[in-house]
Amino acid sequence: LLRTHMQPGRVLYVSELNMSRVSRAFESRLEYSRQGNRVVITLHNLQEDDSDNYVCAEEVTNAPLLSASGTMLLVKEVEQACKKSSWDLYALIVVVTLLFCALVCCTLYRVDVKKYFQKKNPNVVYEDMSYNSRRSTLVR
């Protein structure tokens, strides 16, 4: 894998013996897999400096490297977009949490919570049937 315009140079070199060399700029951001004649290359965490034309080329012994069309990669303001969206998400979470707390507080203020936790007395009727209470009757 070669860069051809902005910063020309080799990004990845894989030999027939599966020995590979990765450019220092892409050491922790490049993965590749090889199956037969097919090589799949994945670049991670792209930055604006990575914008360039990338060409996959095969080295042929005793022949000059032929020019090949590649893939133009243009990276713009990736970091700023991620930071802005994460702040928006945090602000939304904080607003939703505050509104939920206000709703719970208003609900608890309006509802008499004590009556739900008090021990309920059963309805009891008490009638005094003792002799002293019957003394005022007509029977002597």
Could I get the full list of side chain to side chain donor-acceptor pair (under 3.5 Å) partners for S20, not counting sequence neighbours? Y32
For the residue pair N45 and D50, what are the closest heavy atoms and their distance? O-OD2, 4.2 Å
Shortest non-hydrogen pair, V75 vs S51, comes out as N-OG, 2.8 Å
Set out, in order, the CA-CA distance, both residues' side-chain angles and the distance that settles side chain to side chain contact (heavy atoms under 4.5 Å, CB included) for L73 and L46, then state yes or no. CA-CA 10 Å; L73 181 65; L46 295 172; 4.1 Å; yes
Side chain to side chain donor-acceptor pair (under 3.5 Å) partners of S23, counting only residues at least two apart: none
Using the test side chain to side chain contact (heavy atoms under 4.5 Å, CB included), find all partners of R21 that sit at least two apart in sequence or belong to another chain. R10, Y13
Could you pull out the closest heavy-atom pair between C56 and L1, with the gap in Å? SG-CD1, 3.9 Å
Contact between V11 and Y54 at the side-chain level, heavy atoms closer than 4.5 Å - yes or no? yes
Could you tell me which non-hydrogen atom of D52 sits nearest to which non-hydrogen atom of Q7, and how far apart they are? OD2-N, 3.1 Å
Go through it in stages, so that I can follow the logic: the residues are L43 and F26, the test is side chain to side chain contact (heavy atoms under 4.5 Å, CB included), and I'd like the CA-CA distance, side-chain angles, deciding distance and then a yes or no. CA-CA 8 Å; L43 301 174; F26 289 95; 3.8 Å; yes
If you compare all heavy atoms of N53 against all heavy atoms of M72, which two are closest, and at what distance to 0.1 Å? OD1-N, 3.5 Å
Kindly indicate whether the side chain of E31, heavy atoms from C-beta on, has any atom under 4.5 Å from the side chain of H44. yes
Answer yes if F100 and L108 sit in the same cluster of Ile, Leu, Val, Met, Phe, Trp and Tyr residues linked by side chain heavy atoms under 4.5 Å apart, and no otherwise. yes
Check V95, I93, V94, L99 against T97 for a side-chain contact (heavy atoms from CB on, under 4.5 Å) and give me the one that passes. I93
Working for side chain to side chain contact (heavy atoms under 4.5 Å, CB included), residues L30 and T42: CA-CA 6 Å; L30 183 141; T42 306; over 6 Å; no
